[in-house]
Engineer: 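This is the structure, below, for whatever I ask next.
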Amino acid sequence: TDNIQEIVNALDFEAIDLNLDGYPELIINTYSASPLKAISSGSVDRRLFVFRGKKKGDEKTFFDRTPAFTYEESFTATNFKALTGERSFSGDFDGDGVNDVISIDNNGALSANRISRDLKLEAEPFFRFTPVHFITDKTLVNLNQDDRTDIILEHQQSLTLIISRKGALQ
């Protein structure tokens with residue numbers, strides 16, 4: 001058992017100016033499971049790292065060496081619904097001018113958390129939607145041309161539209 005190593009199942013990343021300081025932040029999501037955990041509990045770990053963008057000379061493509069924040073969570077076979085989609089950082093849903101985080105939580109509900117300009121993730125979501133049907137995918141769009149991001153949730157045989165109005169998702 002000493003030779004059992006962690007297996008990284010998935011890695012995704014994007015660079016977005018979350019705090020609107022003119023420099024993109026590097027966002028990395030990893031999903032991993034050790035063979036031992038996979039066999040014993042079916043557990044998968046998800047980690048989120050956000051590295052602050054910084055200016056070095058005239059370059060705008062460098063990031064801090066240590067994350068501005070990290071977030072870790074584990075999922076088992078009983079709460080696997082949260083693994084259906086990665087977090088999305090590319091939309092301002094509350095109209096405050098800073099992108100928010102959209103994710104699917106352990107219970108399969110869509111949740112939105114604010115990120116402050118100093119790159120702190122609020123612990124409690126400002127919006128939560130528990131659909132009747134399992135979410136298979138989500139798309140971030142601007143449906144009503146109000147410069148706020150809206151969400152299309154895909155289910156097996158239906159769609160749900162969540163529209164951002166006056167600083168709130170509805």
Side-chain angles (χ1 to χ4, degrees), residues 9-32 43-53 63-64 67-76 78-170:
N9 296 328
L11 171 73
D12 63 79
F13 61 93
E14 59 185 319
I16 297 174
D17 185 5
L18 293 175
N19 58 358
L20 302 177
D21 65 355
Y23 308 105
E25 278 66 47
L26 177 63
I27 302 161
I28 301 174
N29 273 301
T30 66
Y31 301 86
S32 59
S43 178
V44 175
D45 297 322
R46 178 165 61 181
R47 292 179 185 94
L48 166 69
F49 304 96
V50 176
F51 295 86
R52 184 182 308 275
F63 305 99
D64 284 347
F69 73 82
T70 60
Y71 181 76
E72 296 184 28
E73 53 193 344
S74 292
F75 304 94
T76 62
T78 58
N79 59 7
F80 74 96
K81 291 179 180 179
L83 293 174
T84 59
E86 74 272 354
R87 292 176 183 92
S88 299
F89 294 85
S90 57
D92 178 13
F93 303 95
D94 60 2
D96 67 354
V98 178
N99 287 355
D100 304 302
V101 179
I102 295 293
S103 61
I104 300 171
D105 69 17
N106 289 353
N107 300 313
L110 183 83
S111 61
N113 294 68
R114 287 184 179 91
I115 296 179
S116 65
R117 290 195 189 276
D118 62 348
L119 298 179
K120 301 297 180 203
L121 178 67
E122 287 187 3
E124 293 298 316
F126 67 88
F127 175 80
R128 183 174 161 82
F129 174 72
T130 305
V132 175
H133 302 290
F134 186 77
I135 299 171
T136 58
D137 200 8
K138 64 185 177 309
T139 304
L140 308 181
V141 295
N142 187 353
L143 294 173
N144 55 355
Q145 307 306 314
D146 64 355
D147 294 328
R148 292 192 184 116
T149 306
D150 307 307
I151 306 168
I152 300 173
L153 297 178
E154 296 177 39
H155 311 284
Q156 189 171 7
Q157 297 181 3
S158 64
L159 298 174
T160 300
L161 302 179
I162 301 176
I163 308 299
S164 180
R165 294 186 183 147
K166 297 180 185 171
L169 292 167
Q170 300 177 357

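In this text the structure is predicted, and so the values were computed from the model without any measurement.
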Engineer: Check the pair D17 / E25 against side chain to side chain contact (heavy atoms under 4.5 Å, CB included), numbers first and verdict last.
Structural biologist: CA-CA 5 Å; D17 185 5; E25 278 66 47; 3.6 Å; yes
Engineer: Rounded to the nearest 0.5 Å, how far does CD1 of I104 lie from CZ of F129?
Structural biologist: 11.5 Å
Engineer: Between L26 and V50, is a side chain to side chain contact (heavy atoms under 4.5 Å, CB included) present by the stated rule, with each step listed?
Structural biologist: CA-CA 6 Å; L26 177 63; V50 176; over 6 Å; no
Engineer: With heavy-atom distances below 4.5 Å as the criterion, would you say the side chains of I28 and F51 are in contact?
Structural biologist: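 Yes, at least one pair of side-chain atoms sits under 4.5 Å.
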Engineer: Side-chain donor-acceptor contacts of residues 117-124 below 3.5 Å, not counting sequence neighbours, with atom names and distances?
Structural biologist:
from : atom 1 : to   : atom 2 : distance (Å)
R117 : NH1    : N19  : O      : 3.3
D118 : OD1    : S116 : OG     : 2.2

Engineer: What residues form a salt bridge (Lys or Arg N to Asp or Glu O under 4.0 Å) with E72, not counting sequence neighbours?
Structural biologist: R47
Engineer: Rounded to the nearest 0.5 Å, how far apart are CD1 of I115 and CG of D100?
Structural biologist: 7.0 Å
Engineer: Return the minimal non-hydrogen interatomic distance between T149 and G91, and the atom names on each side.
Structural biologist: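 Minimum heavy-atom separation between T149 and G91: OG1-CA, 3.1 Å.
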Engineer: Do E154 and L159 have side-chain heavy atoms sitting under 4.5 Å apart?
Structural biologist: yes
Engineer: Under 3.5 Å, side chain of H133 to main-chain N/O of H155, donor-acceptor pair present?
Structural biologist: no
Engineer: Report the distance from atom CG of L110 to atom CD1 of I162, rounding to the nearest 0.5 Å.
Structural biologist: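 The CD1 atom of I162 is 5.0 Å from CG of L110, to the nearest 0.5 Å.
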Engineer: Would you say the side chain of D150 lies within less than 4.5 Å of the side chain of L161, judging by non-hydrogen atoms?
Structural biologist: no
Engineer: Take F89 and L48 through the test side chain to side chain contact (heavy atoms under 4.5 Å, CB included) and record every step on the way to the result.
Structural biologist: CA-CA 12 Å; F89 294 85; L48 166 69; 3.5 Å; yes
Engineer: Hey, what do you get for CZ (F126) to OG (S111), rounding to the nearest 0.5 Å?
Structural biologist: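 F126 atom CZ to S111 atom OG measures 9.5 Å (nearest 0.5 Å).
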Engineer: Please examine the side chains of P125 and N113, heavy atoms only from C-beta on, and report whether any two atoms are closer than 4.5 Å.
Structural biologist: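 Yes, at least one pair of side-chain atoms sits under 4.5 Å.
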Engineer: If you measure from CZ on F127 to CZ on R114, what distance do you get to the nearest 0.5 Å?
Structural biologist: 12.0 Å
Engineer: Go through F93 and I151 one step at a time and tell me if the side chain to side chain contact (heavy atoms under 4.5 Å, CB included) criterion holds.
Structural biologist: CA-CA 9 Å; F93 303 95; I151 306 168; 3.6 Å; yes
Engineer: Compare every heavy atom of P67 with every heavy atom of F49, then report the nearest pair and how far apart it is.
Structural biologist: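 Scanning both residues, the minimum pair turns out to be CD2-CG, 4.1 Å.
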Engineer: For D92 versus D96, what's the shortest heavy-atom pair and its separation?
Structural biologist: OD1-OD1, 3.2 Å
